[in-house]
Every structure is written in C-alpha cells, then in structure tokens.
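Below is one structure, written out as structure tokens; the observations come after it.
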Amino acid sequence: MNISNSKLTAGGDSAVLTKAQAAEYLQATPRYIERLVKAGRLRACKPSGKLVRILRRDLDAFLQSGATMAP
C-alpha cells in the first residue's frame, strides 16, 4: 500500500492517521502500532470496534520521548 507523503503531511501536526499510515510514518508494521497502543505507549482514538485513529503529533511525541523501535 503506497501512501503519498502529501497525505501524511497534510494538515500539520493535527493530521489524523490510520493504523497503516501511522505504521508507514514510523517505518514499522501495523501490528507494532497495535502493540504500542495496547501497552499504553502510544495514544490512539478508537471510535468503533477495531477502527483506530492516531494523531501525528502523538507519533512525534512518541519518537521524541526517546522510545526505541525494538522488534
């Protein structure tokens, strides 16, 4: 799935990303994003069921916190 960088940068820091887009932004897998959310290391909004939305500013805060991207 190719997502153009323009979609990831549109809207500034308040851009709302899907789990797949967040994974691409972190260069990780969607499953890793799920694990971060479940562990409470990454904030996410779950409007219904398995639908997950993540603010890009929360991804940036996660990265700036010195979090490691261990497999």
Side-chain angles (χ1 to χ4, degrees):
M1 176 177 187
N2 283 336
I3 301 170
S4 69
N5 285 338
S6 63
K7 285 187 179 181
L8 294 178
T9 58
D13 287 341
S14 62
V16 178
L17 305 177
T18 65
K19 186 170 40 178
Q21 290 171 323
E24 184 176 327
Y25 186 75
L26 293 182
Q27 296 180 348
T29 64
R31 180 68 183 129
Y32 183 67
I33 299 297
E34 290 172 8
R35 289 180 185 143
L36 290 174
V37 171
K38 186 174 182 178
R41 296 180 64 201
L42 180 63
R43 291 178 45 170
C45 176
K46 295 180 96 175
S48 65
K50 292 188 176 185
L51 185 65
V52 176
R53 295 293 182 255
I54 302 160
L55 294 176
R56 191 173 60 194
R57 68 176 172 228
D58 291 333
L59 291 172
D60 291 336
F62 169 76
L63 292 173
Q64 289 176 356
S65 72
T68 58
M69 300 280 292

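For the numbers below, each heavy atom of this structure counts, side chains included, while hydrogens, waters and symmetry mates do not.
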Checklist line | Euclidean distance, Leu36 CG relative to Phe62 CZ, rounded to 0.5 Å | finding: 4.5 Å
Notebook entry, point to check: Of Lys19, Glu24, Gln21, which is the lone residue that meets side chain to side chain contact (heavy atoms under 4.5 Å, CB included) with Ile33?
Noted result: Lys19
Next item on the list: Could you check if a side-chain atom of Arg53 sits within less than 4.5 angstrom of a side-chain atom of Thr18, using non-hydrogen atoms only?
Entry: yes
Item checked: From CZ (Arg43) to CD1 (Ile54), nearest 0.5 Å -> 11.5 Å
Notebook entry, point to check: Taking side chain as C-beta onward, heavy atoms only, is Val16 less than 4.5 Å from Leu55?
Noted result: yes
Next item on the list: First locate atom CG of Leu42, then atom CG of Leu26, and finally report the distance between them rounded to the nearest 0.5 Å.
Entry: 7.5 Å
Note to self: If you compare all heavy atoms of Ala23 against all heavy atoms of Pro30, which two are closest, and at what distance to 0.1 Å?
What the structure shows: CB-N, 3.5 Å
